[in-house]
Asker: 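One structure is given below, represented as structure tokens, and several questions about it will come after.
Everything quoted here is computed from the prediction, not taken from an experiment. Quick note on labels: first sequence line is chain A, next is B, and so on, each numbered from 1.
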Amino acid sequence: MSYDFNAIEDKWQAYWAKNETFKAENNSKKEKYYVLDMFPYPSGAGLHVGHPLGYIASDIYARYKRHKGFNVLHPQGYDSFGLPAEQYAIQTGQHPAITTKENIARYREQLDKIGFSFDWSREVRTSNAAYYKWTQWIFIQLFNSWYDIAVNKARDISELETIFASEGNINVQAVCDDDVTQFSAKDWNELSSKEQQKELLKYRLTYLAETEVNWCPQLGTVLANDEIVNGVSERGGYPVIRKKMTQWSMRISAYAERLLQGLETIDWTDSLKESQRNWIGKSVGASVTFNVKGYEDKIEVFTTRPDTIFGATFMTLAPEHDLVTKITTPEQKEEVAIYIQATAKRSERERMADVKTISGVFTGAYAEHPFTKEPVPIWIGDYVLAGYGTGAVMAVPCGDQRDYDFAKHFNIPIKNIFEGVDISEEAFADKENTIIANSDFLDGLKYKKATKTAIYELEKLGQGVGKTNYRLRDAVFSRQRYWGEPFPVYYVDGMPQMIDIAHLPIELPEVEKYLPTETGEPPLGRADVWAWDTLKGELAKNEDIDHVNIFPLELNTMPGWAGSSWYLFRYMDADNENEFASAEALQYWQNVDLYIGGSEHATGHLLYSRFWTKFLHDRGNLPVDEPFKKLINQGMILGTSAIVYRISGSDTYVSKGLKDGYETEELRVDVSLINSSDELDVDSLKQWQPQFKDADFKLEDGKYIVGREVEKMSKRWFNVVNPDDICNDFGADTLRLYEMFLGPLEQAKPWNTAGITGVHSFLKKLWKLYHNDETFAVNDIEPTKDNLKTLHKTIKKVEEDIENFSFNTSVSTFMIAVNELTAQKCTSRAILDPLAVLISPYAPHIAEELWEKLGNSESISTANFPVFEEKHLVESTKQYPISFNGKMRFTMELSLDLSKDEIEAAVMAHEKTQQQLGGRTPKKVIIVPGKIVNLVG
RNA sequence: GCUGAAGUGGUGGAAUUGGUAGACACGUUGGACUUAAAAUCCAAUGUCCAUUAGGACGUACGGGUUCAAGUCCCGUCUUCAGUACCA
């Protein structure tokens, strides 16, 4: 009876589907455990072997936790809105809804083949109206909220209106737009309704504002900061320009401090937390106001070094700073205009690439130093960024290298305010190891005290205040695209109004042309879309908003991260039509215990979902304020591309070993045409693409050898390996084990099919352990001591491995166990029964099959097992000979099932006995739980 | 530049806390079975010296601590990832 993996896997996948084996119950007395994968974009390319890596790891953990007796929620779904789905639809000329549906069907088929224990009854798709109804609902909640700094949480906007009506905004501490001015209750009540709405918009957590956005003409949309990499769009790599547009924004900046603090409470990797910290970019310092000589205007700067204020010998403004044109003197006007034009021409990317060149120009104007009242020349320089702080700096050349370089370049005086520090070569940026000098009342003080004193004195003058600045910007939330959630918004007299939640969802209309436009006009704005009759008709039923026939709807759509920011909660109660999830479900499942996904979402999805979670928590909609308790980043599986070498200008391809004799160019060819020793199947290549049809090949030793390159797995490099092929040839259990065996979960590693036979033959050996040629060979004889030792050793190691997420070493442990038990000719049920349990999280199909043959009625996947619970004494005594001062001595290692305290007590007793007997005591005893290392004389 | 991670055989990678470095697997070599191949099984496989017995050297490099270092400390080099004029 051979190991027929295809039949076994089909059988059990059908069984699991039919019996809904992995359906999680919302009402359970068991302890809950929530294991989640980052849900995929259903792109047209389908899954490659890299995608399931994280899913396999989470599946092992989910299955393990079920065995441990937990009620495990392990759902899956699709992030089906957003740019990738739409780009694919554009390429294939089909409607995104159709391609998305097809892609999802394909993904599902591929996922099912691998045997995941997903609870598909809870599947979510962000592009389903039943789902995005609640995305729209959350948007409305954000619109109806403001952030109260006094209580440090979001509150209902109606409460703010009440405050305004009774006392104005004088006592309100809120996160709001910069241009908010003070008003009294009387002022407020005298405002027109429209003016009041305008004012409230400055406080709402999602608001409409004319902002400088990152506009990508090729994609026809704006992009968030995290969607731009090195100055070009993350998707497609197209140029991005700055443009002013009226856009919806999310006031995530209100949560900057809490997003930072919350990192302390969650179990994520340090590098990921560090990325979020950098992205939030907290810096503590002071805001200082400089008066401009001859003008009423003031220049506000942010500095982290108010202690160095006496070293400020000039100021630098960003070329885009509002005051530049106003304060520039007539003599400098031309020079300044030329400079501004030149910098505007340089793209963001060029500016970033070229940080060495120092450029700037003097405005001719002077500010006044707040303390010395001396004139401070005002310069413009593109090293000052308009987007950070106030777009202006007080330049302290002695303490900041950039200011120093700028000053040297333009011969601006440098004043040394550090005692005994040489600044003739470079600035002195060290805060800690110096004393301030030449600084009036700051003389003789150290950094800390000087900072405090400077802020105190500035506050006394009314020219400064201690301030904490964050790099985190509010997130632009509008996209000029078709394939996204419509906003539940219409406009009356230019002011946004929320559509009543009774009318949700606002469904995305069917359109003929969904391509983006280069001008920024949203696709929904095209005339043909005004067949949006369903919506209009629906809205018209409500007399209050009958005027949607006259007043326009919001035509932008939401960005890709909208739906993914809260999907984890929808899984808890996926079919609920009345709430995004019921209070009971949310209370029971709380949040995700284990989240596995790629690190590329560090500053996007993972930050936004934390933000929405905190917001919904503030508004009483969630019991938790962090979405993901523990997070693991799986490393990427890379492809190994195959390269052929074409002799330039010819149709002749030369084998790798001969290529140095020619001038060649490299072409990538499909990796499936290559065998395990890098030899190319020339005939298949000729079939593969027309360009190779009549090609000649220069062989070495009768073979064409290709070059190899490890790079990202991608269709365009022809290096994609499809998991379906692996499942067909070796089985899903082999694929699962092999992906784990490849190396540590979190590490990037190239896919290489070479080693897969080792894992596959392990499964065959496992099968043979339970079978004697044609018959099932397990019996009820007593296990031997060796049998038990092998089993218990394996249980201990596998449990440790799973808890530590070192799945790769478990596979080795299984191999050793099977080899040992085979050598021991073990046929005892008492061993082979628990062994099947142990392997089942990794290789569930074969485990189920063996488990059934063992005569068990219940599915191995649903039963709880004591095997992971037992504590066992592992008897292993090793002796290591070591050399100590020229004499042979021994160390002894004992593995005991005792706590650390118990071991300590035992060692003390041992020492005492040894002393009483006059024997030698150990020189050193190292104790760790479960083990003693005992150095004896 | 800064931050983080890492550097171990021909290859992927093991080695909880300092305690037999190279588990396990791939590959390679030899053997068994077979008419043959595949499959399967067995043996060898860090490097060097030695016929053997055995010995020397070995975890990027240079130092240090220790009875004992892949692991800890100091310095250097390299690679990968993230980030970047953040005032």
Asker: Between P on B:C26 and CG on A:N752, what's the gap in Å once rounded to a whole number?
Answerer: 12 Å

Asker: Quote, to the nearest angstrom, the C1' distance that separates B:U71 from B:A6.
Answerer: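 About 14 Å, rounded to a whole number of Å.
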
Asker: Rounded off to whole Å, could you give me the OH-to-P distance for the A:Y738 and B:G13 pair?
Answerer: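 It works out to 10 Å between those atoms.
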
Asker: Would you kindly give the CG-to-C1' distance between A:L263 and B:U3, to the nearest whole Å?
Answerer: 16 Å

Asker: In whole Å, what separates the P atom of B:G9 from that of B:G46?
Answerer: 13 Å

Asker: Assess whether one donor atom and one acceptor atom, taken from the side chain of A:E800 and the base of B:U16, lie less than 3.5 Å apart.
Answerer: yes

Asker: Is there a side-chain polar atom (N or O) of A:Q401 under 4.0 Å from OP1 or OP2 of B:A87?
Answerer: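 Negative; the distance criterion is not met.
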
Asker: Please identify each residue that fulfils salt bridge (charged side-chain N to carboxylate O under 4.0 Å, His left out) with A:E800, with sequence neighbours left out.
Answerer: A:K796

Asker: If the C1' atom of B:U8 is compared with that of B:A21, how far apart are they to the nearest Å?
Answerer: 8 Å

Asker: Within 45° of the ring axis of A:W279 and under 6.0 Å from its six-membered ring centre, is that where the NZ or CZ of A:R610 lies?
Answerer: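 No, A:R610 does not sit over the ring of A:W279.
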
Asker: Between A:L259 and A:Y470, is the side-chain contact (heavy atoms from CB on, under 4.5 Å) condition met? List the steps.
Answerer: CA-CA 12 Å; A:L259 288 168; A:Y470 297 92; over 6 Å; no

Asker: Take atom P in B:A68 and the same atom in B:C80, then report the distance between them in whole Å.
Answerer: 37 Å

Asker: Under a 4.0 Å heavy-atom cut-off, which of residues 814-821 of chain A touch RNA chain B?
Answerer: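 The answer is A:M815, A:I816, A:N819.
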
Asker: Applying the side chain to side chain donor-acceptor pair (under 3.5 Å) criterion to A:T734, which one of A:H760, A:K764, A:E739 satisfies it?
Answerer: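 With A:T734 as partner, side chain to side chain donor-acceptor pair (under 3.5 Å) holds for just one option, A:H760.
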
Asker: Taking only the P atom of each, what is the distance from B:U76 to B:U3 in whole angstrom?
Answerer: 13 Å

Asker: Report the residue (A:G743 or A:S599) whose heavy-atom-nearest nucleotide on RNA chain B is the more 5′ of the two.
Answerer: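 This one resolves to A:G743.
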
Asker: Provide the distance between the two P atoms, one in B:G19 and one in B:G27, to the nearest whole Å.
Answerer: 32 Å

Asker: Is any side-chain nitrogen or oxygen of A:K764 closer than 4.0 Å to OP1 or OP2 of B:U40?
Answerer: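 For B:U40, OP1 or OP2 has a side-chain N or O of A:K764 closer than 4.0 Å.
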
Asker: In whole angstrom, what separates A:Y470's OH from B:A87's P?
Answerer: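 So the OH-P distance, A:Y470 to B:A87, works out to 14 Å.
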
